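So that the names make sense, note that chain A is the first sequence line, chain B the second, and so on, each numbered from 1. Please read these numbers as outputs of a predicted model, since none were measured by experiment.
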2 protein chains.
Amino acid sequence: MCQSSVFIMENGKEKEIKRDVILVEPVDEGVKIQGFFEAPQVVPARIKTIDLLKHRIILEPIDLEKS
Amino acid sequence: MCQSSVFIMENGKEKEIKRDVILVEPVDEGVKIQGFFEAPQVVPARIKTIDLLKHRIILEPIDLEKS
């Protein structure tokens, strides 16, 4: 199997937010991330890069301010 | 290593467009897909699902009509 880790850009650096991720899906509120044997979580972000060689999915935060 | 195949939704079915993909990246014009030893291509689509268990990345076409 081939799970990846998910990182989010924070102050120009990649911060790991979840390991052993099996499913990533853009949703209205951001990106849904599902780990192995875990409930999915939604992160207010968008996908920046999926690097399948390094097994890394990089997200960048989105501004959630809405009027 | 852990390359995935990229599929695009077409008439409700998944159509494989590239195998052995190492990098996927949303860009303004759609999604950039890079294969192993190949130049990247840009597909007018957005990411629908990244399934890391099945090694499948599913795209859905976007409407490119712009005024």
Looking at NZ of B:Lys54 and CD1 of A:Ile22, how far apart are the two atoms once the value is rounded to the nearest 0.5 Å?
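So the gap between those two atoms works out to 10.5 Å.
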Cluster link [X] to [Y], ILVMFWY, side chain under 4.5 Å:
{"X": "A:Val21", "Y": "A:Ile17", "result": "yes"}
{"X": "B:Ile58", "Y": "B:Val6", "result": "no"}
{"X": "B:Phe7", "Y": "B:Ile50", "result": "no"}

Residue A:Ile57 versus chain B: region with a heavy atom under 4.5 Å:
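For A:Ile57, the side chain is the part near chain B, not the backbone.
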Applying side-chain contact (heavy atoms from CB on, under 4.5 Å) to A:Leu52 and B:Leu23, what does each step give before you reach the verdict?
CA-CA 6 Å; A:Leu52 297 158; B:Leu23 198 83; over 6 Å; no
Can you list, pair by pair, the side-chain donor-acceptor contacts under 3.5 Å of residues 39-49 of chain A, counting residues two or more places apart and other chains?
| from | atom 1 | to | atom 2 | distance (Å) |
| --- | --- | --- | --- | --- |
| A:Gln41 | OE1 | A:Lys18 | NZ | 3.0 |
| A:Thr49 | OG1 | B:Glu25 | OE2 | 2.9 |

